[in-house]
Amino acid sequence: MNTEQEVQRLAAEIVEAARRSFRELFANGEHYYYCTLYTTGEGHAPSLSAWSREALEQEAARQAGDGSTPAAEIAELIKWSYADSPYCCFGDEHFDEVKQSFQARPSIAVLEADAWNHEFGLRLEAMELAMRMLDAEGLFALNQPRKDVCVLAEVMPPDEGNTDIALRLNQAESPAMRAWLAEAAE
(Lines give C-alpha, C1' and ligand atoms only; values in the text may rest on other atoms or scores of the structure.)
Protein backbone atom coordinates (compact mmCIF):
# COMPACT_ATOMS: atom_id res chain seq x y z
CA MET A 1 0.00 0.00 0.00
CA ASN A 2 1.45 3.37 -0.95
CA THR A 3 1.52 6.42 1.33
CA GLU A 4 -1.51 8.08 -0.26
CA GLN A 5 -3.57 4.92 0.21
CA GLU A 6 -2.41 4.62 3.82
CA VAL A 7 -3.41 8.24 4.50
CA GLN A 8 -6.81 7.68 2.87
CA ARG A 9 -7.43 4.50 4.89
CA LEU A 10 -6.45 6.09 8.21
CA ALA A 11 -8.45 9.24 7.40
CA ALA A 12 -11.57 7.16 6.66
CA GLU A 13 -11.28 5.47 10.06
CA ILE A 14 -10.75 8.80 11.80
CA VAL A 15 -13.74 10.30 9.99
CA GLU A 16 -16.05 7.56 11.24
CA ALA A 17 -14.93 7.97 14.85
CA ALA A 18 -14.82 11.76 14.80
CA ARG A 19 -18.20 12.05 13.05
CA ARG A 20 -19.88 9.98 15.78
CA SER A 21 -18.13 11.94 18.52
CA PHE A 22 -18.80 15.42 17.11
CA ARG A 23 -22.45 14.63 16.32
CA GLU A 24 -22.95 13.32 19.84
CA LEU A 25 -21.30 16.45 21.24
CA PHE A 26 -23.19 18.85 18.99
CA ALA A 27 -26.51 17.33 20.09
CA ASN A 28 -26.24 19.55 23.19
CA GLY A 29 -27.11 22.55 20.98
CA GLU A 30 -24.21 24.70 22.15
CA HIS A 31 -22.41 27.09 19.78
CA TYR A 32 -18.88 25.90 19.02
CA TYR A 33 -15.94 28.06 18.01
CA TYR A 34 -13.07 25.52 18.34
CA CYS A 35 -13.10 21.91 17.12
CA THR A 36 -9.90 19.92 16.99
CA LEU A 37 -8.35 16.53 16.62
CA TYR A 38 -5.07 16.55 18.49
CA THR A 39 -2.16 14.19 18.87
CA THR A 40 1.09 14.22 20.76
CA GLY A 41 4.59 14.66 19.39
CA GLU A 42 4.81 10.86 19.58
CA GLY A 43 2.05 10.53 16.98
CA HIS A 44 -0.48 8.72 19.14
CA ALA A 45 -4.00 8.18 17.80
CA PRO A 46 -5.95 11.43 17.81
CA SER A 47 -8.45 12.59 20.37
CA LEU A 48 -11.15 15.18 20.02
CA SER A 49 -11.53 18.42 21.91
CA ALA A 50 -13.83 21.39 21.43
CA TRP A 51 -14.97 24.59 23.04
CA SER A 52 -18.38 26.18 22.82
CA ARG A 53 -19.15 29.72 23.89
CA GLU A 54 -21.44 28.34 26.58
CA ALA A 55 -18.86 25.89 27.94
CA LEU A 56 -16.17 28.60 28.03
CA GLU A 57 -18.43 30.92 30.02
CA GLN A 58 -19.35 28.16 32.49
CA GLU A 59 -15.79 26.89 32.92
CA ALA A 60 -14.37 30.40 33.38
CA ALA A 61 -17.03 31.15 36.00
CA ARG A 62 -16.31 27.86 37.77
CA GLN A 63 -12.56 28.52 37.85
CA ALA A 64 -13.16 32.10 39.04
CA GLY A 65 -15.32 30.83 41.87
CA ASP A 66 -12.94 31.94 44.60
CA GLY A 67 -12.89 35.47 43.19
CA SER A 68 -9.10 35.81 42.99
CA THR A 69 -9.08 35.99 39.18
CA PRO A 70 -11.91 37.49 37.11
CA ALA A 71 -13.82 35.04 34.88
CA ALA A 72 -13.03 37.13 31.78
CA GLU A 73 -9.30 36.78 32.45
CA ILE A 74 -9.62 33.03 32.94
CA ALA A 75 -11.66 32.75 29.75
CA GLU A 76 -8.85 34.41 27.78
CA LEU A 77 -6.32 31.96 29.26
CA ILE A 78 -8.27 28.79 28.49
CA LYS A 79 -10.15 29.82 25.33
CA TRP A 80 -7.97 27.79 22.95
CA SER A 81 -6.77 25.10 25.37
CA TYR A 82 -7.75 21.62 24.27
CA ALA A 83 -6.82 20.26 27.70
CA ASP A 84 -8.89 22.72 29.75
CA SER A 85 -12.05 22.07 27.78
CA PRO A 86 -14.74 20.00 29.48
CA TYR A 87 -15.03 18.30 26.08
CA CYS A 88 -11.40 17.12 25.94
CA CYS A 89 -11.37 13.47 24.80
CA PHE A 90 -15.12 13.61 24.20
CA GLY A 91 -16.34 10.43 22.52
CA ASP A 92 -12.95 8.76 22.97
CA GLU A 93 -14.69 5.37 23.03
CA HIS A 94 -15.49 5.85 19.33
CA PHE A 95 -11.74 5.93 18.55
CA ASP A 96 -10.95 2.33 19.61
CA GLU A 97 -10.45 1.11 16.01
CA VAL A 98 -8.38 4.19 15.20
CA LYS A 99 -6.17 3.48 18.21
CA GLN A 100 -5.70 -0.11 17.05
CA SER A 101 -4.77 1.06 13.54
CA PHE A 102 -2.23 3.54 14.91
CA GLN A 103 -0.75 0.88 17.21
CA ALA A 104 -0.45 -1.53 14.26
CA ARG A 105 1.67 0.99 12.36
CA PRO A 106 5.46 1.19 12.76
CA SER A 107 6.41 2.33 16.24
CA ILE A 108 7.59 5.92 15.96
CA ALA A 109 9.73 5.49 19.08
CA VAL A 110 12.16 3.15 17.29
CA LEU A 111 12.30 4.81 13.86
CA GLU A 112 15.31 6.70 12.54
CA ALA A 113 14.91 10.40 11.67
CA ASP A 114 13.71 10.12 8.04
CA ALA A 115 11.39 7.20 8.75
CA TRP A 116 10.12 8.96 11.89
CA ASN A 117 9.34 12.14 9.92
CA HIS A 118 7.57 10.12 7.23
CA GLU A 119 5.44 8.16 9.69
CA PHE A 120 4.57 11.17 11.84
CA GLY A 121 3.71 13.20 8.72
CA LEU A 122 1.48 10.43 7.42
CA ARG A 123 -0.47 10.31 10.69
CA LEU A 124 -0.90 14.08 10.83
CA GLU A 125 -1.91 14.21 7.17
CA ALA A 126 -4.62 11.60 7.85
CA MET A 127 -5.95 13.71 10.73
CA GLU A 128 -6.03 16.84 8.59
CA LEU A 129 -7.75 15.01 5.73
CA ALA A 130 -10.34 13.63 8.14
CA MET A 131 -11.19 17.12 9.39
CA ARG A 132 -11.37 18.38 5.80
CA MET A 133 -13.77 15.56 4.91
CA LEU A 134 -15.99 16.25 7.92
CA ASP A 135 -15.98 19.94 7.04
CA ALA A 136 -17.06 19.13 3.47
CA GLU A 137 -20.04 17.25 4.94
CA GLY A 138 -21.08 20.43 6.75
CA LEU A 139 -20.50 18.92 10.19
CA PHE A 140 -18.98 22.04 11.72
CA ALA A 141 -21.93 24.21 10.71
CA LEU A 142 -24.53 22.22 12.66
CA ASN A 143 -25.02 24.65 15.58
CA GLN A 144 -23.38 27.80 14.22
CA PRO A 145 -22.16 29.35 10.97
CA ARG A 146 -18.99 27.62 9.74
CA LYS A 147 -17.14 30.96 9.68
CA ASP A 148 -17.49 31.07 13.47
CA VAL A 149 -15.60 27.80 13.99
CA CYS A 150 -11.86 27.23 13.93
CA VAL A 151 -11.35 23.64 12.73
CA LEU A 152 -7.95 22.17 13.57
CA ALA A 153 -5.74 19.09 13.51
CA GLU A 154 -3.03 19.81 16.06
CA VAL A 155 0.12 18.50 17.66
CA MET A 156 0.50 19.01 21.40
CA PRO A 157 2.55 20.53 22.80
CA PRO A 158 1.99 23.15 20.10
CA ASP A 159 4.08 22.90 16.97
CA GLU A 160 4.58 25.58 14.31
CA GLY A 161 3.02 23.19 11.78
CA ASN A 162 -0.31 23.66 13.55
CA THR A 163 -0.64 27.12 11.99
CA ASP A 164 -0.02 25.76 8.48
CA ILE A 165 -2.71 23.12 8.97
CA ALA A 166 -5.11 25.69 10.44
CA LEU A 167 -4.65 27.91 7.40
CA ARG A 168 -5.41 24.98 5.08
CA LEU A 169 -8.53 23.96 7.01
CA ASN A 170 -10.04 27.42 7.54
CA GLN A 171 -10.58 30.60 5.59
CA ALA A 172 -7.93 33.01 6.88
CA GLU A 173 -10.41 35.90 6.90
CA SER A 174 -13.10 34.11 8.93
CA PRO A 175 -13.76 35.60 12.38
CA ALA A 176 -12.81 32.39 14.19
CA MET A 177 -9.57 31.96 12.28
CA ARG A 178 -8.57 35.59 12.74
CA ALA A 179 -9.13 35.22 16.49
CA TRP A 180 -7.13 31.96 16.64
CA LEU A 181 -4.26 33.47 14.64
CA ALA A 182 -4.13 36.52 16.93
CA GLU A 183 -4.52 34.62 20.20
CA ALA A 184 -3.15 31.11 19.82
CA ALA A 185 -1.12 30.51 16.66
CA GLU A 186 2.47 29.29 17.04
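Here, residue 1 is the first one in the sequence, and each next residue gets the next number.
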Salt bridge (Lys or Arg N to Asp or Glu O under 4.0 Å) between Asp84 and Lys79, worked out: CA-CA 8 Å; Asp84 288 308; Lys79 182 178 180 180; over 6 Å; no
Main chain of [Y], side chain of [X]: is a donor-acceptor contact present, judged purely on distance under 3.5 Å?
X: Trp51; Y: Ser81; value: yes
X: Asn143; Y: Phe26; value: yes
X: Ser52; Y: Glu30; value: no
X: Arg123; Y: Ala126; value: no
X: Arg178; Y: Glu173; value: yes
X: Ser47; Y: Cys89; value: no
X: Asn170; Y: Ala166; value: yes

Is the Tyr32 to Phe22 ring centre distance short of 6.0 Å?
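When the ring centroids of Tyr32 and Phe22 are compared, they turn out to be at least 6.0 Å apart.
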Does the separation of the ring centres of Trp80 and Tyr34 fall below 6.0 angstrom?
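Yes, close enough.
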Rounded to the nearest 0.5 Å, what's the gap from [atom1] on [X] to [atom2] on [Y]? Could you check?
X: Glu154; Y: Leu124; atom1: CD; atom2: CG; result: 10.0 Å
X: Ser107; Y: Phe102; atom1: OG; atom2: CZ; result: 13.5 Å
X: Gln63; Y: Ile74; atom1: CD; atom2: CD1; result: 5.5 Å

Assess whether salt bridge (Lys or Arg N to Asp or Glu O under 4.0 Å) is satisfied between Arg9 and Glu6, documenting all intermediate values.
CA-CA 5 Å; Arg9 185 185 61 74; Glu6 291 178 273; 5.7 Å; no
Show the nearest heavy-atom pair for residues [X] and [Y], with the distance to one decimal.
X: Ser21; Y: Gly91; result: OG-O, 3.0 Å
X: Lys147; Y: Ser174; result: O-CB, 3.5 Å
X: Trp116; Y: Gly41; result: CZ2-O, 3.3 Å

task: Please list, chain by chain and in numerical order, all residues satisfying side chain to side chain donor-acceptor pair (under 3.5 Å) with Glu125, sequence neighbours excluded.
output: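 Once residues adjacent in sequence are excluded, Glu125 has no partner under the side chain to side chain donor-acceptor pair (under 3.5 Å) criterion.
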Grouping I, L, V, M, F, W and Y whenever their side-chain heavy atoms are under 4.5 Å apart, do [X] and [Y] come out in a common cluster?
X: Met156; Y: Trp180; value: yes
X: Val7; Y: Val15; value: yes
X: Leu152; Y: Ile14; value: no

One pair to check against salt bridge (Lys or Arg N to Asp or Glu O under 4.0 Å): Arg20 and Glu24. What are the steps and the verdict?
CA-CA 6 Å; Arg20 286 191 301 249; Glu24 190 177 305; over 6 Å; no
Considering residues, nucleotides and ligands other than [X], do more than 12 of their heavy atoms fall under 6.0 Å from its [atom1]?
X: Gln171; atom1: CD; answer: no
X: Glu97; atom1: CD; answer: no
X: Glu112; atom1: CD; answer: no
X: Glu183; atom1: CD; answer: yes
X: Glu57; atom1: CD; answer: no

query = Can you say whether the rings of Tyr87 and Phe90 are parallel (under 30°), tilted (30 to 60°) or perpendicular (over 60°)?
reply =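 Rings of Tyr87 and Phe90: perpendicular, as their planes differ by over 60°.
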field: Tyr38 and Asn162 side chains, donor-acceptor separation under 3.5 Å
entry: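 Asn162 vs Tyr38: no donor-acceptor pair found between side chains.
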